[in-house]
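Here's the structure, in structure tokens; my notes come after.
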Protein chains: 2
Amino acid sequence: MNKIRNMKMMTLDELKDKHIGKVGTIERDDYEFELKVEILGEMIKSVRKERQLTQEQLGELVGVNKSQISKLERNTKNVTIETVLKVFRALKTNIKFTIEKLDENYGLV
Amino acid sequence: MNKIRNMKMMTLDELKDKHIGKVGTIERDDYEFELKVEILGEMIKSVRKERQLTQEQLGELVGVNKSQISKLERNTKNVTIETVLKVFRALKTNIKFTIEKLDENYGLV
DNA sequence: TGAAAAGTTTCCTTATAATGAAACTTTATA
DNA sequence: TATAAAGTTTCATTATAAGGAAACTTTTCA
């Protein structure tokens, strides 16, 4: 590892406006987001749409009822890591997380 | 936003060997990891140590008993997003997550 | 515009994450 | 090396995430 790479960042609004993908010239489908429960739902929905799946179809892949997918997308719950992984695995999407330490004055270390 | 930045990546082994920080010449405390429950615990412990806090002290900051911190660090549970956020917030550490879509053949899109 | 498909909500049940207190073990250190 | 501090485990309890079935609403499109 120790791989250095460029990351594009996107706000939730940008996600909503454009869905995922097609930003800039270098086609690279990596996006970084603040870790928030609300956004996770948006992400699931966006990727599912890209995959052209219905909630019912995604539910089959994940092994849950379509109502469960709806709930996850609409963030009716404070989801666990395992649930997040299960869904994104079904969507053939890797998830990574990044931590960024701040100093005492809340600036970057 | 739309900020472009360099990200260093590290494996769990590297984390274990070196704890966090001091890789390369550009001192930048951003690290990206596969989203896995086991690693989250390692991360909490590493950052707590860097902050020179005991589990009891971190517990006070988070508002939970020290045994809870121990459990989180040792990954006895499948943690929820909210719990992750609570702890890293206390550690003054931002968390972001990145998704990376794969194509049908499991290669990068 | 009406039927079918897709998505949402409600009402449940079950599984388990979150939590603390206290006993216990391990690690520092006087 | 005894004692204190730090960390872990156990045993409970409580809160809530996960889940399905079915009724309901919204969207799609022939």
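The sequence lines fix the lettering, A, B, ..., with proteins before strands; numbering per chain opens at 1.
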Check the distance between dA18(C)'s P and L40(B)'s CG and give it to me in whole angstrom.
-> 11 Å
Contact under 4.0 Å: T80(A) side-chain N or O vs dA17(D) OP1/OP2 | no
Spacing of I81(A) atom CD1 relative to dT16(C) atom P, expressed in whole Å = 17 Å
Rounded to the nearest angstrom, tell me the gap between atom CG in L58(A) and atom P in dA18(D).
-> 14 Å
Nearest-Å distance for atom pair CD/P, residues E73(B) and dA18(C) | 15 Å
I69(A) has an atom CD1; how far is it from atom P of dG19(D), in whole Å?
-> 9 Å
Roughly how far, to the nearest 0.5 Å, is the CD atom of Q55(A) from the CG atom of L72(A)?
-> 9.5 Å
If every non-hydrogen atom of K101(A) is compared with every non-hydrogen atom of R51(B), which pair is closest and at what distance?
-> CB-NH2, 3.9 Å
Identify, between T54(A) and N78(B), the residue whose nearest nucleotide on DNA chain C lies closer to the 5' end.
-> T54(A)
Starting at the 5' end of DNA chain D and moving along, which residue's nearest nucleotide shows up first, K71(B) or E56(B)?
-> E56(B)
Under 4.0 Å: is that the gap between some side-chain N or O of R48(A) and OP1 or OP2 of dG7(C)?
-> yes
Should Q55(B) be listed as having a side-chain N or O under 4.0 Å from OP1 or OP2 of dT8(D)?
-> yes
Are any of S70(A)'s side-chain N or O atoms less than 4.0 Å away from OP1 or OP2 of dT8(C)?
-> yes
Is any side-chain nitrogen or oxygen of S67(A) closer than 4.0 Å to OP1 or OP2 of dG20(D)?
-> no
Work out which heavy atom in Q57(B) is nearest to a heavy atom in Q52(B); give both atom names and the distance.
-> OE1-O, 3.9 Å
Is the shortest side-chain N/O distance from K86(B) to OP1 or OP2 of dT19(C) below 4.0 Å?
-> yes
What's the CG-P distance between L72(B) and dT19(C), to the nearest Å?
-> 8 Å
Send over the distance from K49(A) NZ to dA5(C) C1', rounded to a whole Å.
-> 13 Å
Shortest non-hydrogen separation from L58(B) to A90(B) and the atoms involved | CD1-CB, 4.0 Å
Rounding to a whole Å, what distance do you find between E60(A):CD and dA6(C):P?
-> 11 Å
Could you go step by step and tell me if T80(A) and V79(B) meet the side chain to side chain contact (heavy atoms under 4.5 Å, CB included) rule?
-> CA-CA 6 Å; T80(A) 65; V79(B) 84; over 6 Å; no
Any N or O donor-acceptor pair linking the side chain of K66(B) to the base of dT19(C) at under 3.5 Å?
-> no
For G59(B), answer base if it contacts any base atom (sugar-phosphate contacts may also be present), sugar-phosphate if it contacts only those atoms, and nothing otherwise; contact means non-hydrogen atoms under 4.0 Å.
-> nothing
Terminal helix-axis angle for the helix from dT1(C)-dA30(D) to dA30(C)-dT1(D), with five pairs defining each axis and rounding to 10 degrees = 50°
Min side-chain heavy-atom separation L53(A)-L91(A) under 4.5 Å | yes
Please tell me which of the listed nucleotides, dG20(C), dG20(D), dA18(C), lies nearest to the side chain of V64(A)?
-> dG20(D)
Taking OP1 and OP2 of dT9(C), is either one under 4.0 Å from a side-chain nitrogen or oxygen of R74(A)?
-> yes
Would one find a side-chain N or O of N65(B) under 4.0 angstrom from OP1 or OP2 of dA21(C)?
-> yes
So, is Q68(B) near the phosphate of dA18(C), with a side-chain N or O under 4.0 Å from OP1 or OP2?
-> no
With a non-hydrogen cut-off below 4.0 angstrom, is T83(B) in contact with a base, only sugar-phosphate, or nothing?
-> sugar-phosphate
Step-by-step side chain to side chain contact (heavy atoms under 4.5 Å, CB included) determination, E56(A) to E60(A) = CA-CA 6 Å; E56(A) 190 154 32; E60(A) 275 161 34; 4.0 Å; yes
Could you tell me which non-hydrogen atom of N78(B) sits nearest to which non-hydrogen atom of I81(A), and how far apart they are?
-> OD1-N, 3.8 Å
